[in-house]
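Structure first, then comments.
Count residues from 1 along the sequence.
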Amino acid sequence: MSDRVRSEVEETLGHRLRNVTLVPGWPDPNLPRAPLMQAEADLDAEVRFVFTSRVASHKGIDLVVEAVRRLVGSGHQNFSVDVYGAGETAWLAQQVAALGLGDRIRYRGVLSKIEMTRRLTDYDVLLFPTAVREPFGFVVAEAAAAGCIPVLTGTIGAAEWLFDGIDCLKIRRNADDLAAAMLQLLLMSASSRLQMRRRASELAHRFLGFDHALPRIEAVAERAAAGSAPVDPALVRACEAAMTVLDDMWRPAELA
């Protein structure tokens with residue numbers, strides 16, 4: 001799903017892979033394109049940020065809370081962050097209460113995949129300061145397709161398919177960069193922000209749609225079938241064992 005994953009596989013195995021096909025993540029193909037219309041009355045409305053992932057430190061919820069604290073401490077109030085997902089919700093509630101951020105950060109519970117994807121059209125910006133080795137991050141494709149500008153860790157797989165400052169903002173995974181990106185969007189004119197939302201949606205539908213991914217997947221399957229030979233069960237078990245070893249090597253302890 002990304003060139004970085006390919007590089008990690010090659011480094012782990014000790015040789016270059018041949019015939020590699022990169023297939024990015026995709027949004028639900030059944031969802032309609034977001035209209036992305038904005039009335040003049042909405043130009044001064046608050047910027048709507050959303051965090052939707054596992055509510056956990058490896059997904060960056062602690063960085064979101066710290067970034068919001070810094071922005072509020074600097075006098076910025078014209079924004080909100082809605083949080084969706086399961087996980088360390090008690091910790092989140094405690095932090096929000098202790099820091100007095102209840103009017104800026106609101107926990108909205110857990111929605112189904114399809115409901116959450118549709119809800120993304122209600123937001124201006126996705127906050128996704130996830131772990132630096134995230135293989136892709138499907139929510140980025142879903143948000144972009146919905147016209148929700150991704151602010152994402154610049155090293156993850158999805159970042160390879162987007163253009164910094166054009167249809168997303170790429171950050172280093174720390175509170176300084178996250179707060180700076182949020183501030184950039186807060187200070188941006190509403191018309192410029194809307195233009196970025198439209199560019200994100202256009203790119204996602206043009207390059208990240210399932211109609212683009214499916215032919216690549218089918219081509220790989222056809223190549224494999226054309227050169228296939230009788231399958232040795234021992235080889236299948238060896239491949240499964242190799243993938244288990246690779247997974248153990250790559251997966252951080254907190255994700256195990």
**Asked** Does a salt bridge link R70 with E66, judged by any charged N lying under 4.0 Å from a carboxylate O?
**Response**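 Salt bridge present between R70 and E66.
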
**Asked** Looking at R48 and D82, does any basic side-chain N land under 4.0 Å from a carboxylate oxygen?
**Response** no

**Message:** Is there a side-chain contact between V72 and Q77 in this structure, where contact means two heavy atoms from C-beta onward sitting under 4.5 Å apart?
**Reply:** yes

**Min side-chain heavy-atom separation Q95-I61 under 4.5 Å** =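 In short, these two side chains do not touch, never coming nearer than 4.5 Å.
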
Using the side chain to side chain contact (heavy atoms under 4.5 Å, CB included) criterion, which residues pair with [X]? Sequence neighbours excluded.
X: N174; value: R172, D176, D177
X: Q94; value: none
X: A181; value: V151, L169, I171

**Prompt:** Which residue pairs satisfy the side-chain hydrogen bond (donor to acceptor under 3.5 Å, both in side chains) criterion with at least one member in residues 140-156, sequence neighbours excluded?
**Reply:**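 Those involving residues 140-156 are K113-E142.
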
**Item:** Partners meeting salt bridge (charged side-chain N to carboxylate O under 4.0 Å, His left out) with R4 (sequence neighbours left out)
**Value:**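 For R4, the residues satisfying salt bridge (charged side-chain N to carboxylate O under 4.0 Å, His left out) (neighbours in sequence not counted) are E8.
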
For [X] versus [Y], what's the shortest heavy-atom pair and its separation?
X: R54; Y: A86; value: CD-O, 3.5 Å
X: A146; Y: T121; value: CB-CG2, 3.7 Å
X: S201; Y: A145; value: OG-O, 3.1 Å

**Request:** May I have all residue pairs that pass salt bridge (charged side-chain N to carboxylate O under 4.0 Å, His left out) and include part of residues 86-99, sequence neighbours excluded?
**Result:** none

